[in-house]
K.L.:
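Below you'll find the structure I mean.
Just follow the structure's listing: the first ligand is 1, and inside any ligand the first atom is 1. Every value quoted in this text rests on a predicted model; they were computed, and no experiment measured them. All residue numbers in this chain count up from 1 along the given sequence.
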Amino acid sequence: MPHSHTRVGVTRRLPREIESRMSELFDVTYNEDDSALDRAGLAALMADHDVLVPTVTDRIDRALIENAGPRLKLIANFGNGTDNIDIDAAHERGIIVSNTPSVLTDDTADMAMALILALPRRLVEGDRIMHQEGAFTGWSPNWMLGRRLAGKKLGIIGMGRIGQAIARRATAFGLDIFYHNRNQLHPDIESQCKATYVDTLDRMLREVDIVSVNCPHTPATYHLLSARRLGLLQPHAMVVNTSRGEVIDENALADRLAAGEIGGAALDVFEREPAINPRLRAFDNVILLPHMSSATMEGRQGMGEKVIINIRSWADGHRPPDRVLPSSADI
Ligand code: 8YV
């Protein structure tokens, strides 16, 4: 089919250059006012388009996929994580799913590193003080003491592209890197990242000073940091999450913070986004960010280009390069 006949439904506004290029290539429907679509809005796009381009704010579940129109053949996610899409249901309906890996690895790793620095050094607390008239009354030896990074242990949960990029950054700050992953990495990658594999998550949690969550959200990782596992952390340990909120039991985290049994947390993602557990707002040792780890102009551009490449490959009869396989895949 010529590309100009490919009907593409995009759920959110994308960078201007990406939208113009998509409009040159395809017959595109945009969501003009850019608010997150409700189910009816998603169903309408899925009824009469060949390709849907959703984002993390759209939950493309089994019911939506089963009721999609016969034209829908590709869901080209504008994002790396695909936990917003029921991949198995799509596969059963013969709908291909693609994502945008790699282009946001460095941006996300930079933000994770920024939080790994900011949390023990109380950077955001200091800034909050300076925004209040009269709150800073002058320097003193015991003022705003944080914890030194060098020599501390960082435990990375999920050692994929982003986890590895964080490890490479963190060694420059003198952190000792440990990781837990479904599989141990090749020794060459371990030595590049100066990272030591810990075969059980529980053991790693007991030993590290800072935990960085970098695994995807899947049924197996839902509440991986449960109340029990958070209880294994040392009382000064800090948790950074730039992956998905669902990996941490947010309420259990708030319990530990309230009890002073954990050193702090920096969260860019939440269990029920955009809602956050209001208890988290009460703590000075908690940094809260609005899901912005990959939010750079360059990153969004790269994501848009990947979406275009995936759609073009599919429209030309090829397998999209960033195809996401279902969990049961034997292909
Ligand atoms: C994206 C993300 O901005 O790509 C991901 O997995 O979490 C984000 O950083 C978002 O997914 C866009 O859909």
Side-chain angles (χ1 to χ4, degrees), residues 8-15 18-19 22 30-31 34-37 41-42 45-46 51-61 64 74-87 90 97-115 156-166 212-218 221-222 224 240-248 250 266-276 287-311 320-325:
V8 179
V10 185
T11 66
R12 303 300 297 267
R13 298 313 303 256
L14 302 180
I18 297 299
E19 288 192 349
M22 283 180 88
Y30 294 107
N31 165 13
D34 196 29
S35 53
L37 293 176
L42 291 171
L45 278 184
M46 292 168 76
V51 181
L52 178 76
V53 179
T55 74
V56 70
T57 55
D58 309 304
R59 215 166 84 79
I60 313 297
D61 59 19
L64 278 171
L74 173 66
I75 299 176
N77 196 45
F78 183 86
N80 183 43
T82 47
D83 54 331
N84 55 318
I85 302 166
D86 190 326
I87 310 281
V97 177
S98 62
N99 67 341
T100 60
S102 307
V103 288
L104 35 69
T105 302
D106 284 331
D107 296 325
T108 307
D110 285 346
M111 188 65 94
M113 194 63 229
L115 293 172
I156 301 176
I157 304 176
M159 199 63 160
R161 288 178 295 265
I162 295 172
Q164 291 172 32
I166 293 169
S212 178
V213 178
N214 300 102
C215 58
H217 164 222
T218 66
T221 64
Y222 176 77
L224 192 65
V240 173
N241 189 2
T242 52
S243 169
R244 283 292 179 267
E246 290 90 337
V247 180
I248 302 182
E250 229 168 61
L267 309 172
D268 183 45
V269 285
F270 302 89
E271 257 192 272
R272 282 169 281 272
E273 273 176 39
I276 71 164
I287 300 174
L288 303 171
L289 293 181
H291 197 144
M292 56 189 271
S293 289
S294 73
T296 66
M297 291 189 231
E298 296 87 345
R300 293 287 183 260
Q301 188 77 26
M303 290 162 79
E305 277 161 18
K306 282 223 163 230
V307 166
I308 292 172
I309 290 165
N310 283 310
I311 300 174
D322 305 309
R323 182 176 182 195
V324 179
L325 296 177

K.L.:
So which protein heavy atom does atom 8 (C) of ligand 1 come closest to, and at what separation?
P.N.:
His291 NE2, 3.3 Å
K.L.:
Tell me which part of Glu273 gets within contact of ligand 1: side chain, backbone, both or neither, using heavy atoms under 4.0 Å.
P.N.:
neither
K.L.:
Output, in order, the C-alpha distance, side-chain angles, deciding distance and verdict of side-chain contact (heavy atoms from CB on, under 4.5 Å) for Val53 and Thr11.
P.N.:
CA-CA 6 Å; Val53 179; Thr11 66; over 6 Å; no
K.L.:
Of all the non-hydrogen atoms in the protein, which one sits nearest to atom 4 (O) of ligand 1, and at what distance?
P.N.:
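Ranked first by proximity to atom 4 (O) of ligand 1 is Asn80 N, 2.7 Å.
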K.L.:
Could you state the interatomic distance from CZ (Phe270) to CD (Glu246), rounded to the nearest 0.5 Å?
P.N.:
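Between atom CZ of Phe270 and atom CD of Glu246 there are 11.5 Å.
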K.L.:
Determine, stepwise, if the pair Asn80 / Thr100 fulfils side chain to side chain donor-acceptor pair (under 3.5 Å).
P.N.:
CA-CA 5 Å; Asn80 183 43; Thr100 60; 5.6 Å; no
K.L.:
Backbone N or O of Thr108 within a donor-acceptor pair of the Ser294 side chain at under 3.5 Å?
P.N.:
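A pair under 3.5 Å: no.
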K.L.:
Looking just at side-chain N and O atoms, do Asp322 and Asn99 make a donor-acceptor pair shorter than 3.5 Å?
P.N.:
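No.
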K.L.:
Using distance alone, decide if ligand 1 has a nitrogen or oxygen within less than 3.5 Å of any nitrogen or oxygen in Met303.
P.N.:
no
K.L.:
So between Thr108, Thr11, Val56, whose heavy atom ends up nearest atom 11 (O) of ligand 1?
P.N.:
Val56
K.L.:
Show which atoms of ligand 1 fall inside a sub-4.0 Å distance from at least one heavy-atom site of Thr55.
P.N.:
13 (O)
K.L.:
What residue and atom, counting heavy atoms only, is the protein's closest point to atom 13 (O) of ligand 1, and at what distance?
P.N.:
Phe78 O, 2.5 Å
K.L.:
Numbering the atoms of ligand 1 from 1, which are under 4.0 Å from a heavy atom of Arg300?
P.N.:
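Answer for ligand 1: 3 (O).
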K.L.:
Tyr30 ring centre to Arg13 NZ or CZ under 6.0 Å, with the angle to the axis within 45°?
P.N.:
yes
K.L.:
Give the residue and atom name of whichever protein heavy atom lies nearest to atom 3 (O) of ligand 1, and the separation in Å to one decimal.
P.N.:
Ser294 OG, 3.1 Å
K.L.:
Pick from Asp58, Asn31, Thr55, Thr57: which one makes a side-chain hydrogen bond (donor to acceptor under 3.5 Å, both in side chains) with Arg12?
P.N.:
Thr57
K.L.:
Say whether Ser243, considering both its backbone and side-chain N or O atoms, lies within less than 3.5 Å of an N or O atom on ligand 1.
P.N.:
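So ligand 1 has no N or O lying under 3.5 Å from an N or O of Ser243.
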K.L.:
Please work out, at 4.0 Å between heavy atoms, whether the side chain, the backbone, both, or neither of Thr100 comes within that distance of ligand 1.
P.N.:
neither
K.L.:
Any atoms of ligand 1 less than 4.0 Å from a non-hydrogen atom of Arg244? List them with their elements.
P.N.:
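Result: 2 (C), 5 (C), 6 (O), 7 (O), 11 (O).
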K.L.:
Check each atom of ligand 1 against the heavy atoms of Leu104 and keep those under 4.0 Å away; list them by number with element.
P.N.:
4 (O)
K.L.:
For atom 6 (O) of ligand 1, find the nearest protein heavy atom and state the residue, atom name and distance (0.1 Å precision).
P.N.:
Gly81 N, 2.7 Å
K.L.:
Checking Ser243 against Asn241: is there a side-chain donor and acceptor pair closer than 3.5 Å?
P.N.:
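No, no side-chain donor-acceptor pair sits under 3.5 Å.
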K.L.:
In Å and rounded to the nearest 0.5 Å, what is the CG to CZ distance from Asp86 to Arg59?
P.N.:
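Atom-to-atom, Asp86:CG and Arg59:CZ are 9.0 Å apart.
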